[in-house]
Amino acid sequence: MTSDVRLGVLASGKGSNLRNLVQRNYNVVAVATNRPSCGAAQFARQFGLALGGFSQRRFDSREARDLAMRDWLRERGVELVVNAGYDRILSPCFTAAFPGRIVNVHPSLLPAFAGGMDAVERALASGVRTTGCTVHLVTDDVDAGPILLQAAVPVLSDDTVDTLRARIHAEEHRILPEAIEILAQKSPSLRP
Ligand code: GRF
């Protein structure tokens, strides 16, 4: 059984992790994006999920954007924030509002290939034989918060970025829900 913790998903990309959570019946009560035309936003619209658009150009500063997003998520009673392909760094005013209650999924075995949106490309170019993905708590140090779960993925000799990324994604779709369960069980009430 999946926990009914109220999830707020932040996304900027294709949205496969968002789709996976919804298909597994997670309680996604809000989807926030900085890219209203991204795949994740389109999926949210199709499925009638509450969608908030927080494009940087609507705000004078990163802090102003993150405060608006924080308030919007709070209004929807979000208990756990899930960064699923969100491509902006969160300001301290946002992370402080959800202490220990923001998770991120990153497509490498952190601390290897931290930072940036090209971790899969860098892993392939580096010649490592194993890479993978990590779910970790978000702190103010980018990609450096406490690790919750990792999954290893072998790099095959004929891998391309696309084939490797697809296998990493499959593991993300397994460990992100698992990490949510771990957090939900550790603190049955994630409410602030
Ligand atoms: C994932 O690979 C995740 O690790 C990274 O961004 C990607 C998002 O994929 N942070 P999707 O938009 O959920 O398909």
Side-chain angles (χ1 to χ4, degrees), residues 2 7-47 49 51-55 66 69 80-90 94-95 98 102-126 128 130-155 159-180 182-183:
T2 56
L7 303 180
V9 176
L10 312 190
S12 314
K14 287 199 179 125
S16 71
N17 280 287
L18 169 65
R19 181 184 293 264
N20 178 56
L21 292 175
V22 170
Q23 284 171 347
R24 289 176 184 239
N25 289 322
Y26 277 88
N27 188 16
V28 177
V29 298
V31 177
T33 186
N34 57 321
R35 300 184 190 280
S37 58
C38 73
Q42 286 170 24
F43 175 80
R45 280 186 209 98
Q46 263 174 24
F47 273 75
L49 302 171
L51 176 66
F54 299 89
S55 308
D66 287 356
M69 191 161 75
L80 182 65
V81 177
V82 179
N83 287 11
Y86 185 61
D87 65 5
R88 287 288 173 268
I89 293 170
L90 294 166
F94 187 94
T95 52
F98 298 98
I102 310 175
V103 295
N104 182 48
V105 56
H106 185 81
S108 74
L109 291 174
L110 290 174
F113 308 112
M117 297 301 288
D118 56 353
V120 180
E121 286 84 344
R122 282 185 285 146
L124 192 60
S126 75
V128 292
T130 304
T131 183
C133 51
T134 302
V135 179
H136 65 96
L137 290 176
V138 172
T139 61
D140 291 330
D141 299 320
V142 176
D143 291 339
I147 289 172
L148 297 170
L149 285 174
Q150 292 186 304
V153 173
V155 181
D159 257 336
T160 63
V161 169
D162 287 345
T163 59
L164 181 55
R165 194 193 307 282
R167 293 203 313 286
I168 292 173
H169 258 116
E171 289 301 299
E172 291 181 1
H173 297 166
R174 185 174 65 77
I175 68 170
L176 181 57
E178 238 178 275
I180 292 169
I182 289 170
L183 283 175

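Start at 1 and go down the list; that is how both ligands and their atoms are numbered.
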Any chance you could measure [X], atom [atom1], to [Y], atom [atom2], to the nearest 0.5 Å?
X: M69; Y: T33; atom1: CE; atom2: OG1; answer: 9.5 Å
X: E171; Y: T131; atom1: CD; atom2: OG1; answer: 11.5 Å
X: L7; Y: L18; atom1: CG; atom2: CG; answer: 10.0 Å

Q) Listing by chain and number, which residues have a heavy atom under 4.0 Å from ligand 1? A)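 Around ligand 1, where the cutoff is 4.0 Å for heavy atoms, the contacting residues are G13, K14, G15, S16, N17, G85, V105, H106, P107, H169, E172.
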
Q: Indicate yes or no: at least one non-hydrogen side-chain atom of D143 is less than 4.5 angstrom from one of T134.
A: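 Heavy-atom side-chain distance check fails, nothing below 4.5 Å.
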
Q: State, with a plain yes or no, whether a side-chain heavy atom of L10 is found less than 4.5 Å away from one of L90.
A: yes

Q.
Please enumerate all residues that pass side chain to side chain donor-acceptor pair (under 3.5 Å) together with N27, with sequence neighbours excluded.
A.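 Not a single residue meets the side chain to side chain donor-acceptor pair (under 3.5 Å) criterion with N27.
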
